[in-house]
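These figures come from a predicted structure and were not determined experimentally. Each chain gets a letter, A, B and so on, in the order the sequences are listed, and its residues count up from 1. Only this structure's heavy atoms are used, side chains among them; waters, hydrogens and symmetry mates stay out.
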Amino acid sequence: MALMLFNVLGRTIQEFVPLTPGQVTMYVCGPTVYDHPHIGHAKTYVAFDSLVRYLRSTGLNVLYVQNITDVGHLLDSGEDRILRKAAQTQARPMQIVETYTKSYFDAMDALGVGRPDISPRASGHIPEQIKMIETLVSKGFAYEAGGSVYFDVAKDPDYGKLSNRRLQEQESGTREAVRGDKRNPEDFALWKKAEPEHILRWDSPWGEGFPGWHIECSAMAKKYLGDTFDIHGGGIDNIFPHNESEIAQSECANDADFARYWLLVGSLTVDGIKMSKSLGNFTTIADALQRYQPGVIRMFMQSVHYSNPVDYSEGALDASARGWERIANAVRLVQQTLRSAPATDDGLHFSERLAAARAAFNTSLDDDFNTPGAIAVLQDLTREVNSLLNSGAAVGKAALEAIDATYRGTAGDVLGILPAGETAGAGSAQREAALIQLLIDLRTQARKAKNWAESDRLRDELAAIGVVLEDRADGTVWKVNG
RNA sequence: GGCGACGUGGCCAAGUGGCAAGGCAAAGCUCUGCAAAAGCUUGAUCACCAGUUCGAAUCUGGUCGUCGCCUCCA
């Protein structure tokens, strides 16, 4: 079965065929590290994390590069984002970079987002960027003006092919004020001359300055993935000018196609409006994690197709949490039942159902990474697993292990929405489990004696400290609430 | 103004030509000492109008509405 992807470049659904069989090269635009990441960032990086997990689960070898932007990303005012933050907090720019790079990775780790294979920093690749700019100048695609270098969009007939913008259409709406030294208003900076107060600066053939925002991605993608690579990802909000400019720079400099498949993720919104730093309508990932488990947040974001926007609200998260719990409860029940399951083949007929679910799961993801469809498959499976386990029929160890493995291979390894699970190895956790079991045993005795007051008291007091008991026909199981 | 996405049951959402997935919420039921969990049952003239077709949520044209980008954002 072939993976089909909607390629924004060309706006068609295409079969994904890597340049090199068995190998996938992938670049995703990373964050500018001047503040804590918010859940809008999480949506994008969770999407590509799951895509990488899926590609790897099918046996592909993925090389995943995602940059850290720590220089060159300017505000409207011309101020560098990093420098402004540094000035506000009286810190050195690279302190800011370290602080928020750590914050970013901490948040991603907490969400179960795997680290990229390479996380190159823009400031660590100044020579590569200068070299690419020199190539563009020597080929006539860029020109120097007043100590800065600009890309001459008029020289690139393909400019606009990703976002479908044509120069003449844009001309009328462009403000004169942004023209400056540029030949055309649409020309964008490859290198900017540093004013005296601009302390993030490097030597270059054009004097002291700093790189433009777009060139870092072109230079670093080339360095780690080559002139042409398979997948370029990012948020849809960067399609223009950033992604468009990346293509222009790279293809003009390298005389080769840049990314072969463009996958852009829809924005996370709040009350229908895009979550963004500038609007102030953001929730940091750390704050969201205070209220919701990582699996809940991941499931919420993946309950909508990656290319669509998803509207954030506590009500929406709560609804996702309920749906997530149903799956998580079933997985936990399987694991708990497994502990005392007989080593028989009872219930192995369910394997056929598992294979069908696994196939349906992959079919959904092969269809332009349709995660809502894949989640629906898991919901269907969960209903049947619950029916099986509650039917009273004997289910042996082999069948339970097969169910567990199916959840791990789908909800766990690919979508990353399973709870961490009780790690039986940790000493204190083991002790806690034993203590809870002791209390459950006491309560079971009380229940046998029909001492409901005592049994309810034990249950209520455990609930008060976050341990929820559920009585089943074959015994009492427990879970930690929240 | 230009480019792009979208409008599916109370809410979220999949579905690109052949009887409309899934989740949340609500109601009833089953199981249970009670509770919890789980299961069963109950819901849609697919924004509107006009076309194409044997047949349209799905294709074409138009209307209305929402959002993104065009200027910093994943």
**Student:** Roughly how many Å apart are B:rC46 and B:rA57, using the C1' atom of each and rounding to a whole number?
**Tutor:**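 Looking at atom C1' only, B:rA57 and B:rC46 are 4 Å apart.
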**Student:** With heavy atoms under 4.0 Å as the rule, sort A:R11 into base, sugar-phosphate or nothing.
**Tutor:**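 If one applies the 4.0 Å heavy-atom cut-off, A:R11 turns out to touch the sugar-phosphate alone, with no base involved.
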**Student:** So does A:N243 get a side-chain nitrogen or oxygen closer than 4.0 Å to the phosphate oxygens (OP1/OP2) of B:rC69?
**Tutor:**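 Checking B:rC69 against A:N243, no side-chain N or O comes under 4.0 Å of OP1 or OP2.
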**Student:** For A:F188 and A:F151, take the angle between the two ring planes, folded into 0 to 90°, and tell me which bin it lands in: parallel under 30, tilted 30 to 60, perpendicular over 60.
**Tutor:**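 The arrangement is parallel - the two ring planes meet at less than 30°.
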**Student:** Tell me, do A:D380 and A:R353 make a side-chain contact under 4.5 Å, heavy atoms counted?
**Tutor:**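 The answer is yes; the side chains approach within 4.5 Å.
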**Student:** By centroid distance (under 5.5 Å) and plane angle (under 30°), are A:W452 and B:rG33 in a stacked arrangement?
**Tutor:**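 Here the ring of A:W452 and the base of B:rG33 are stacked, with centres under 5.5 Å and planes under 30°.
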**Student:** Is any side-chain N or O of A:N370 closer than 4.0 Å to OP1 or OP2 of B:rA14?
**Tutor:**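 A:N370 to B:rA14 OP1/OP2: no side-chain N or O under 4.0 Å.
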**Student:** Could you tell me how far B:rG15 sits from B:rA21 if I compare only their P atoms? Round to whole Å.
**Tutor:**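 To the nearest whole Å, 14 Å.
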**Student:** Check for me whether the distance between the ring centres of A:F369 and A:F48 falls short of 6.0 Å.
**Tutor:**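 No, too far apart.
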**Student:** Has the side chain of A:N390 got a donor or acceptor that lies under 3.5 Å from a partner of the other kind on the base of B:rC31?
**Tutor:**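 When only heavy-atom distances are counted, A:N390 does not reach the base of B:rC31 through any donor-acceptor pair under 3.5 Å.
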**Student:** Is a salt bridge present between A:D187 and A:K155, judged by a nitrogen-to-oxygen distance below 4.0 Å?
**Tutor:**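 A salt bridge is absent here (no side-chain N lies under 4.0 Å from a carboxylate O).
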**Student:** Within less than 4.0 Å of OP1 or OP2 of B:rA5, is there a side-chain N or O belonging to A:N308?
**Tutor:**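 Looking at the OP1 and OP2 atoms of B:rA5, neither is under 4.0 Å from any side-chain N or O of A:N308.
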**Student:** Sugar-phosphate atoms are those with a prime plus P, OP1 and OP2; base atoms are the rest. Using that split, label each nucleotide of nucleotides 21-27 of chain B B, S or - for protein heavy atoms under 4.0 Å, 5' to 3'.
**Tutor:** BSSSS--
**Student:** Are A:K479 and B:rA37 close enough that a side-chain N or O sits under 4.0 Å from OP1 or OP2?
**Tutor:**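 For B:rA37, OP1/OP2 do not have a side-chain N/O of A:K479 under 4.0 Å.
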**Student:** Think A:N386 has a side-chain N or O under 4.0 angstrom from the OP1 or OP2 of B:rG39?
**Tutor:**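 Yes, within the criterion.
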